[in-house]
Each structure stands twice: as C-alpha cells, then as structure tokens.
K.L.:
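The structure follows.
Any value given below was found using the heavy atoms of this structure, including those in side chains, with hydrogens, waters and symmetry copies removed.
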Amino acid sequence: MNHHFYLDDGEFATAIAASALAIHSLEEASTKEEPIRPPQQGSIRRSPGQDTRTTSFTRPPPPIVENPRRKGTSRGRRIAETKSDAWERFQLAKFHKRYQKMHANILAWENEKKLRAKQEMERKKQEVELRKSRNLKHYQNKISRIDHISNGAKAQLEEKRKYEESLIKEKARRMKSIGKAPISWCCF
C-alpha cells in the first residue's frame, strides 16, 4: 500500500507556511532561553502601579566598538560598530542560514515531485504501450479468426457449387440419354 500523500498547490503553500512558522517559533524559543543579564551599571526603575517583584532595568547606551576591518579608511574617518550592529549582523546571518535551509527544502521537494511526476508519466507510457500491444494482438487475432471463418465459408461455397454443378450435369446427361426434357422446365 502506498502511503504517499500528494498536496495540491494551495495545500503545499499552507504546509510551507506552517513549517516556516514552526522553524521561526523554535528559533525564537531558543533565543529567549538565554538568561537576561542585569546591566553592569544603571538604575532599577519601577512603574507606579507595577508589582514590586517585577523590575525593569534602564540600560546605558551600548559601548562603541571599533571595526578592525574599517580602520584607516581613505577619508580618515573611523567607523565604529555598536552591539546593535553586531546583533543585526548576527540576526541577518541567522536569517540567511534559515532562508537557505528552507530554500534547499523547497528545491528538494520540487525535485522529488518532478521525479515522481516523471516516473508516473513513464509508468503510464509503459501502460499505454502495453495496452497498445495487447490491442494490436487482439486485432490481429480477430483478423485471423475472420480470415479463417471467411476462408472456411468460401471453401464450403465452392464445394456446394461443384456439387450442385455436378448434379446439373448428371441430370443433363441422363436427359440426353433418355431424350426427354425435365418436367419442371418450361418454354416461354
């Protein structure tokens, strides 16, 4: 029994969207599992109606880190990279990796579906060829049966003609020997 399920275009798009959401959710969950570290310096700020057990930290602006690749530019400007720039690069790299993986999955799915479609076409072609050859054999058998029957009928007809012709000749010979015309024969 074949347990493969074939999806039409709408179902496939839904399945891709669901898998992309699942991958995104898993990745978000893995980044949220990292513990939040309290700031090294700063103050604890509480809202007036906020529970005393929950706190929010005000963080100082991120420190400026120099980009070693950009040192000594022709204009003499120094390009600094903040933690947010590093985070952005990391997130973009992670996104591109996830995109590449999804793209590879889509290509694999596409290739598999194309291969199955081609195999199905080849199988149907073979079935058509098999049916064609069976129909040709059936046609040839029918023609030979018709030829056999018609040849038998022709042979019987020829035999009957010869027999009736011999009867007529025999009767004519008897009449010549007696010298009388047949009773059933009449003149105009």
K.L.:
Output all residues satisfying ring-ring contact (aromatic ring centres under 6.0 Å, His included) with His103, sequence neighbours left out; order by chain, then residue number.
P.N.:
Tyr99

K.L.:
Under a single-linkage rule joining Ile, Leu, Val, Met, Phe, Trp and Tyr whose side-chain heavy atoms are separated by less than 4.5 Å, which residues share a cluster with Met102?
P.N.:
Ile23

K.L.:
Quick one: side chain to side chain donor-acceptor pair (under 3.5 Å) pairs with a partner in residues 134-157, sequence neighbours left out?
P.N.:
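Side chain to side chain donor-acceptor pair (under 3.5 Å) check on residues 134-157 returns no pairs.
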
K.L.:
Could you measure the distance from the CZ atom of Arg98 to the NE2 atom of His96? Nearest 0.5 Å is fine.
P.N.:
10.5 Å

K.L.:
Is it true that Arg116 and Glu120 have a side-chain N and a carboxylate O under 4.0 angstrom from each other?
P.N.:
no

K.L.:
With rounding to the nearest 0.5 Å, note down the distance linking CD1 in Ile168 to NZ in Lys171.
P.N.:
8.5 Å

K.L.:
Before accepting this row, confirm whether a basic side-chain N of the pair Glu129/Lys125 lies closer than 4.0 Å to the acidic partner's carboxylate O.
P.N.:
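So Glu129 does not pair with Lys125 through a salt bridge.
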
K.L.:
Could you list the residues that satisfy side chain to side chain donor-acceptor pair (under 3.5 Å) with Glu127, not counting sequence neighbours?
P.N.:
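Only Arg123 meet the side chain to side chain donor-acceptor pair (under 3.5 Å) criterion with Glu127.
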
K.L.:
For residues 160-167, run the donor-acceptor check on the side chains, cut-off 3.5 Å, and write out each pair with its distance to 0.1 Å, sequence neighbours left out.
P.N.:
unit_1, atom_1, unit_2, atom_2, d
Arg161, NE, Glu158, OE1, 3.4
Arg161, NE, Glu158, OE2, 3.3
Arg161, NH1, Glu165, OE1, 3.0
Arg161, NH2, Glu158, OE2, 2.3
Ser166, OG, Lys162, O, 3.3
Ser166, OG, Tyr163, O, 2.6

K.L.:
State, yes or no, whether a side-chain contact exists between Glu110 and Lys114 at a heavy-atom distance under 4.5 Å.
P.N.:
yes

K.L.:
Who clusters with Ile178? Use side-chain heavy atoms, under 4.5 angstrom, across I, L, V, M, F, W and Y, and order the result by chain and number.
P.N.:
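Hydrophobic cluster check, Ile178: no partners found.
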
